[in-house]
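Throughout, protein chains are lettered first and strands after them, A, B, ... in sequence-line order, and every chain is numbered starting at 1. Here the structure is a predicted model, which is why all the values come from computation and not from measurement.
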2 protein chains.
Amino acid sequence: MPFETQDLKKAGLKVTLPRLKILQILESSSDQGTHLSAEDVYKALLEAEEEVGLATVYRVLTQFESAGLVQRHNFETGHSVYEIATGEHHDHMVCVDGGDVIEFTDSVIEKRQHQIAEEHGYELVDHSLVLYVRKKPQG
Amino acid sequence: MPFETQDLKKAGLKVTLPRLKILQILESSSDQGTHLSAEDVYKALLEAEEEVGLATVYRVLTQFESAGLVQRHNFETGHSVYEIATGEHHDHMVCVDGGDVIEFTDSVIEKRQHQIAEEHGYELVDHSLVLYVRKKPQG
DNA sequence: TTGGTTGCAAACAATTTGCATAAAT
DNA sequence: ATTTATGCAAATTGTTTGCAACCAA
């Protein structure tokens, strides 16, 4: 039994073709470090000759998110993008020249974020950090 | 000549009542550290007995952003919020329940961001940090 | 069989735009 | 007199939902 099937069952979701296909698309995009929007997934399905409605894509992505299978990000683009949840948190560094994306985590920052939230009487639920950088001359 | 008028002229925008009023509303909200959505501004205008269309509010806010008069933020709330541009950098903490926004800066995090960029051979140009928090029980 | 799942179309919310009118310079 | 701004309604975009038909367990 392929691991996609297991993942779905574990999430209490029936194993259907649309869900399997969407999961595969997200996985292969994850290999390339890409983040897909609902539209992107929908187009990928069409290219794969799969007849799946856009509404289903949205529903499945939402279910996957609730199940912890994927993570949703709302960058400043006006629409959500999804990526397979690895369990490991990371932030993003984006090169303003090439557009390269580097993933990183930093325990100092992570810790401070919790402290800051606490200091204001809150508990940290999530966070979004993006560093915009430029390659140093003579890098 | 009031500074609102100067700001508008400097931005190449005609000085109209809607624009003056919207600028004032944003300023007073800024004093309270609040971030307003287009709807919020629209409601504030109605309360002030100003007959301004919602479309105009959106147009004016967009123009203000292009002119650098205000900053637009897209938090995970589903709609944009605006604040007067102060020139001084700060990050945001957004309450996932009420949507309240708290501004903060933290020198530890600021410094680490520079270090991280350096460690990867980049120089930090800009960054965006949003903490999503929840009020602690017994706050 | 039976309850979860899908597709479609309609419903929505936030935001944008076309156009005729109105106001600023 | 020109140019730009406004209001309204209609259009767009991204996303959600109602419902009948459908399919996995």
Near DNA chain D, under 4.0 Å by heavy atom, which residues of residues 14-24 of chain B? B/Lys14, B/Thr16, B/Pro18, B/Arg19

Do the ring centers of A/His120 and A/Tyr122 come within less than 6.0 Å of each other? no

Nearest nucleotide by nearest heavy atom, which residue falls closer to the 5' end of DNA chain D, B/Ala55 or B/Gly12? B/Gly12

Can you tell me if the side-chain N/O atoms of B/Tyr58 get under 4.0 Å from OP1 or OP2 in C/dT15? yes

Between B/Glu110 and B/His89, does any side-chain donor sit less than 3.5 Å from a side-chain acceptor? yes

Please give, in whole Å, the distance from C/dT16 P to B/Leu54 CG? 10 Å

Does the plane of the ring in B/His92 sit parallel, tilted or perpendicular to the ring in B/His35? Use 30° and 60° as the thresholds. perpendicular

Closer than 4.0 Å, any side-chain N/O of A/Ser80 to the OP1 or OP2 of D/dT15? yes

More than 12 heavy atoms from other groups under 6.0 Å of CD on A/Glu49: no

Rounding to a whole Å, what distance do you find between B/Asn74:CG and C/dT15:P? 8 Å

Using atom NE2 of A/His79 as one end and atom P of C/dT15 as the other, report the distance to the nearest whole Å. 15 Å

Nearest-Å distance, CD (A/Gln63) to P (D/dT15)? 16 Å

Charged N to carboxylate O below 4.0 Å: is that the case for B/Lys21 and B/Glu50? no

Rounding to a whole Å, what distance do you find between B/Lys9:NZ and C/dA24:P? 12 Å

CD of B/Glu119: more than 12 outside heavy atoms within 6.0 angstrom? yes

